4 protein chains.
Amino acid sequence: MVGDGVPGRLLSAATKLFAQKGFDRTSVQEIVAAAGVTKGAMYHYFGSKDDLLSEIYGRVLRLQTEQLEKVAATEAPVPERLRRAALDVVVSTIENLDDTKIFLQSVHQLSPDRSRAVRAERRRYHERFRSLIEEGQRAGVFRADKPADIVVDFFFGSVHHLGAWYRTSGKLSAHQVGEHYAGLLLGALRP
Amino acid sequence: MVGDGVPGRLLSAATKLFAQKGFDRTSVQEIVAAAGVTKGAMYHYFGSKDDLLSEIYGRVLRLQTEQLEKVAATEAPVPERLRRAALDVVVSTIENLDDTKIFLQSVHQLSPDRSRAVRAERRRYHERFRSLIEEGQRAGVFRADKPADIVVDFFFGSVHHLGAWYRTSGKLSAHQVGEHYAGLLLGALRP
Amino acid sequence: MVGDGVPGRLLSAATKLFAQKGFDRTSVQEIVAAAGVTKGAMYHYFGSKDDLLSEIYGRVLRLQTEQLEKVAATEAPVPERLRRAALDVVVSTIENLDDTKIFLQSVHQLSPDRSRAVRAERRRYHERFRSLIEEGQRAGVFRADKPADIVVDFFFGSVHHLGAWYRTSGKLSAHQVGEHYAGLLLGALRP
Amino acid sequence: MVGDGVPGRLLSAATKLFAQKGFDRTSVQEIVAAAGVTKGAMYHYFGSKDDLLSEIYGRVLRLQTEQLEKVAATEAPVPERLRRAALDVVVSTIENLDDTKIFLQSVHQLSPDRSRAVRAERRRYHERFRSLIEEGQRAGVFRADKPADIVVDFFFGSVHHLGAWYRTSGKLSAHQVGEHYAGLLLGALRP
DNA sequence: AATGAATGAGTCTTCATTCAT
DNA sequence: AATGAATGAAGACTCATTCAT
């Protein structure tokens with residue numbers, strides 16, 4: 001998924017370790033050992049430990065943004081598009097659970113610059129999602145007594161929390177959880 | 001809120017700092033400086049930095065568990081009791097936003113023993129909440145096509161996420177957010 | 001053996017702990033806990049941790065010096081007096097194995113003043129022993145081609161080493177070991 | 001003697017300091033200062049302060065074991081081989097007096113694992129020495145009324161004690177002391 | 001006689017990063 | 001492209017001792 005060159009192996013190793021033990025608890029030494037390279041090699045490709053984290057963020061954000069754009073641009077009726085978007089974000093979150101965990105635990109640990117950049121991208125994503133809800137509210141198919149951004153935060157809280165409880169070994173597939181979550185969101189928005 | 005003896009001052013300082021910068025990024029030196037005591041004094045009262053964290057957790061957990069018990073034991077109809085419980089947990093989470101933030105960022109950084117204890121308490125809390133939902137499903141006032149524990153995780157995700165976006169300086173009061181969140185939850189559960 | 005007042009209990013606890021883990025590895029906290037008193041109480045009776053160590057030394061030294069004087073003053077022939085002295089010192093060393101261990105491991109850790117005093121006492125003891133050997137050499141009953149002080153160091157090395165291997169649970173009694181050691185010493189001195 | 005690279009300098013400095021002041025009383029800071037390197041450099045080569053100690057032990061043990069094997073494998077009559085072994089161990093102990101001092105004071109301060117390993121090696125050494133004595137007892141050239149292992153402990157006590165009194169500046173050379181000690185041991189074993 | 005809170009200097013160790021090769 | 005030795009600042013924690021009560 002990340003490629004098997006040295007940078008790819010480093011990214012994979014870092015992702016797994018950051019998700020398991022957190023950014024601060026993971027030493028550069030551990031990362032390079034897991035990737036089977038030396039410290040020098042890592043600093044050849046990445047400027048710093050922070051760099052590794054930024055790179056991981058970037059990848060997930062780009063991925064999710066692309067998916068959302070694709071769904072939102074569809075011709076389907078709003079509720080259907082929202083349902084699809086909600087389902088997709090749950091499924092892709094579960095498929096990249098490590099990245100999501102890192103995301104939540106470690107944004108604060110990025111340098112101010114990088115943190116800002118990541119947040120901006122995140123905000124754009126949320127805004128795209130919110131515009132979908134507002135469209136439905138204006139069309140009268142969604143209840144309008146709840147501010148759209150509250151609904152967005154409500155829903156993305158649930159999504160971010162997936163990493164805290166979802167286990168691949170559990171009895172629900174990613175898709176099933178996605179259907180439930182989308183169903184709850186749509187249910188909550190019924191007029 | 002925590003008392004003004006040395007232990008109380010340490011707990012307050014630690015809470016604020018852990019919430020701001022995360023557990024790992026906060027040094028014992030910073031904590032004692034903020035509390036105006038010496039390192040030795042801290043280690044006189046708390047066995048370790050972990051101890052401080054556990055103590056903070058314990059307080060919040062006890063507080064929220066008590067509140068939930070009180071509401072759940074009421075005579076009101078289930079939807080009303082669930083609405084109250086949801087409202088309460090949002091309000092109390094916002095009122096103790098620092099503790100909540102710490103909770104989410106740092107449970108993983110406790111020693112295995114302590115982490116287990118905290119999780120167990122947390123689970124009991126969720127189970128109490130879930131039993132309220134199941135009661136409503138059996139009574140036919142809540143839709144039964146969504147597993148109750150999925151609903152619990154869905155809702156608590158939203159609650160935990162509050163720390164990520166809610167600002168005291170924003171335009172919504174804790175109570176208003178609580179009403180919205182409770183409304184969305186109840187809406188999602190309508191048959 | 002040391003009395004059961006607070007000072008006695010402290011001395012006993014300290015002796016056991018120092019022998020087990022060494023002076024530096026034993027904290028004042030552990031000593032007072034083992035003695036069932038508080039730190040303040042300890043500092044009421046002893047000026048410092050070093051003080052405790054000096055006190056322990058003093059006791060053993062006095063004990064062994066007294067025994068030696070008693071044996072040496074006897075009317076028996078020299079070889080018999082030396083045999084008795086050697087036997088006695090082995091038996092009493094084994095009976096106070098903890099003190100002996102402490103002695104060897106920790107003399108260097110006393111303050112210069114105290115270390116000097118302890119060494120001086122030790123030297124007097126060795127000199128008394130040496131004079132017994134010299135007496136036998138002059139009388140022609142001990143070989144004279146080995147300097148007496150070399151013999152003393154040779155023998156006391158063996159004695160000090162007892163703490164490193166002797167176990168109460170082993171198959172030899174203190175007295176049996178004493179007989180063997182005295183026998184080896186006398187054997188080595190045969191003309 | 002240890003080489004003059006960074007690890008060698010560290011080992012030399014540590015040996016001298018441990019012998020002078022004891023393991024616990026010597027700080028890592030002092031060692032690196034004496035070796036003229038930084039703390040980080042030390043931890044690059046040695047995993048811990050204990051590691052340094054283990055390394056020092058290892059060297060002496062290997063040295064002495066080799067010497068003993070060489071002498072024991074000789075064709076000479078047993079008493080002569082024992083005399084040579086005794087002489088050698090005294091001379092080599094005096095030549096590495098620092099290491100020996102450390103040995104005695106600090107084995108107890110190693111981690112259980114390492115302590116076990118060092119003791120095991122030590123035991124093998126003693127057993128080789130003991131087999132020499134037993135050989136002589138079976139051949140009837142040594143008295144058989146003293147258990148061989150008691151004799152070994154008796155003699156090695158004397159040897160270990162050398163560090164407590166031998167001074168290079170004294171009037172006896174290492175070789176002279178060795179002759180005396182070997183003479184006393186052989187004398188003690190005469191039938 | 002005894003307490004126990006508080007001190008503050010000191011301990012070992014970790015770690016991201018640099019740099020000559 | 002890659003190594004690995006070396007740095008130096010910072011980390012959590014320990015402990016003998018003091019002192020007001």
Side-chain angles (χ1 to χ4, degrees), chain A residues 5-7 10 23-33 35-53 109, chain B residues 5-7 10 23-32 35-53 109, chain C residues 5-7 10 23-33 35-53 109, chain D residues 5-7 9-10 23-32 35-53 109 111:
Chain A
V6 170
L10 281 164
F23 180 78
D24 281 322
R25 307 286 252 235
T26 304
S27 73
V28 169
Q29 184 53 48
E30 287 171 304
I31 299 170
V32 299
V37 304
T38 63
K39 254 192 262 202
M42 190 212 105
Y43 278 95
H44 183 71
Y45 291 107
F46 299 91
S48 67
K49 197 181 157 191
D50 272 45
D51 232 43
L52 231 26
L53 190 52
Q109 284 145 18
Chain B
V6 170
L10 281 165
F23 179 77
D24 280 325
R25 304 288 251 235
T26 304
S27 74
V28 169
Q29 186 51 51
E30 287 171 306
I31 299 171
V32 300
V37 304
T38 61
K39 236 187 275 198
M42 190 212 107
Y43 280 96
H44 182 68
Y45 291 105
F46 300 92
S48 65
K49 200 180 154 190
D50 269 44
D51 227 43
L52 229 26
L53 188 53
Q109 283 144 19
Chain C
V6 170
L10 281 165
F23 180 76
D24 280 323
R25 306 286 252 235
T26 305
S27 74
V28 170
Q29 184 52 49
E30 286 172 305
I31 299 171
V32 300
V37 305
T38 62
K39 253 190 259 200
M42 190 212 106
Y43 279 95
H44 183 72
Y45 290 107
F46 299 91
S48 67
K49 198 181 156 190
D50 273 44
D51 232 43
L52 232 25
L53 189 53
Q109 284 145 19
Chain D
V6 170
R9 291 217 308 281
L10 281 165
F23 180 78
D24 280 325
R25 303 289 251 235
T26 304
S27 74
V28 169
Q29 185 52 51
E30 288 171 304
I31 299 171
V32 300
V37 304
T38 61
K39 243 187 267 199
M42 190 211 107
Y43 279 97
H44 182 68
Y45 290 104
F46 299 92
S48 65
K49 199 181 155 190
D50 270 44
D51 227 45
L52 230 26
L53 189 51
Q109 282 143 21
S111 76

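Computed from a predicted model, the values in this text were never measured in an experiment.
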Visitor: B:T38: which residues meet the side-chain contact (heavy atoms from CB on, under 4.5 Å) condition with it, sequence neighbours left out?
Guide: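 B:A41.
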Visitor: Would you compute the distance between atom CD of C:E30 and atom CZ of C:R25 and round it to the nearest 0.5 angstrom?
Guide: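 Taking CD in C:E30 and CZ in C:R25, the distance rounds to 11.0 Å.
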Visitor: Is there a side-chain contact between D:M42 and D:L52 (heavy atoms, below 4.5 Å)?
Guide: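 When only atoms from C-beta onward are counted, D:L52 and D:M42 do touch, with a gap below 4.5 Å.
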Visitor: Anything below 3.5 Å on both distances counts as a pair; with that, list the stems of at least three consecutive Watson-Crick or G-U pairs involving DNA chain F.
Guide: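 Consecutive-pair runs (3 or more) involving DNA chain F: E:2-21 with F:2-21.
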Visitor: What pairs of residues pass the salt bridge (charged side-chain N to carboxylate O under 4.0 Å, His left out) test when at least one of them lies in residues 37-50 of chain D, not counting sequence neighbours?
Guide: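 As it turns out, there is no salt bridge (charged side-chain N to carboxylate O under 4.0 Å, His left out) pair with a partner in residues 37-50 of chain D once direct neighbours are skipped.
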Visitor: DNA chain F: A:V37 or D:V37, which has the more 5' nearest nucleotide?
Guide: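 Looking at DNA chain F, the more 5' nearest nucleotide goes with A:V37.
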Visitor: So which one's nearest nucleotide on DNA chain F is more toward 5', D:V6 or B:D50?
Guide: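 This one resolves to D:V6.
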Visitor: What distance do D:D24 atom CG and C:F23 atom CZ have between them, rounded to the nearest 0.5 Å?
Guide: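 Nearest 0.5 Å value for the CG-CZ distance: 11.0 Å.
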Visitor: Distances for protein N/O vs nucleotides 14-16 of chain F N/O pairs under 3.5 angstrom?
Guide:
from	atom 1	to	atom 2	distance (Å)
F:dA16	OP1	C:K49	NZ	3.0
F:dA16	OP2	C:V28	N	2.8

Visitor: Listed by chain and number, what are the side-chain contact (heavy atoms from CB on, under 4.5 Å) partners of D:Y43, not counting sequence neighbours?
Guide: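 Partners of D:Y43 by the side-chain contact (heavy atoms from CB on, under 4.5 Å) criterion, ordered by chain and then number, come out as D:V28.
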Visitor: At a heavy-atom distance below 4.0 Å, which nucleotide of DNA chain E is the first touched by chain D, and which is the last?
Guide: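 Here the contact window of chain D covers E:dT11 to E:dT14.
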Visitor: What are the two closest non-hydrogen atoms of B:P7 and B:Y45, and how far apart are they?
Guide: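 So the minimum-distance heavy-atom pair works out to CG-CD2, 3.7 Å.
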Visitor: For D:D51, enumerate each residue passing the side-chain hydrogen bond (donor to acceptor under 3.5 Å, both in side chains) test, keeping only those at least two apart in sequence or located in another chain.
Guide: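 Residues passing side-chain hydrogen bond (donor to acceptor under 3.5 Å, both in side chains) with D:D51: D:R114.
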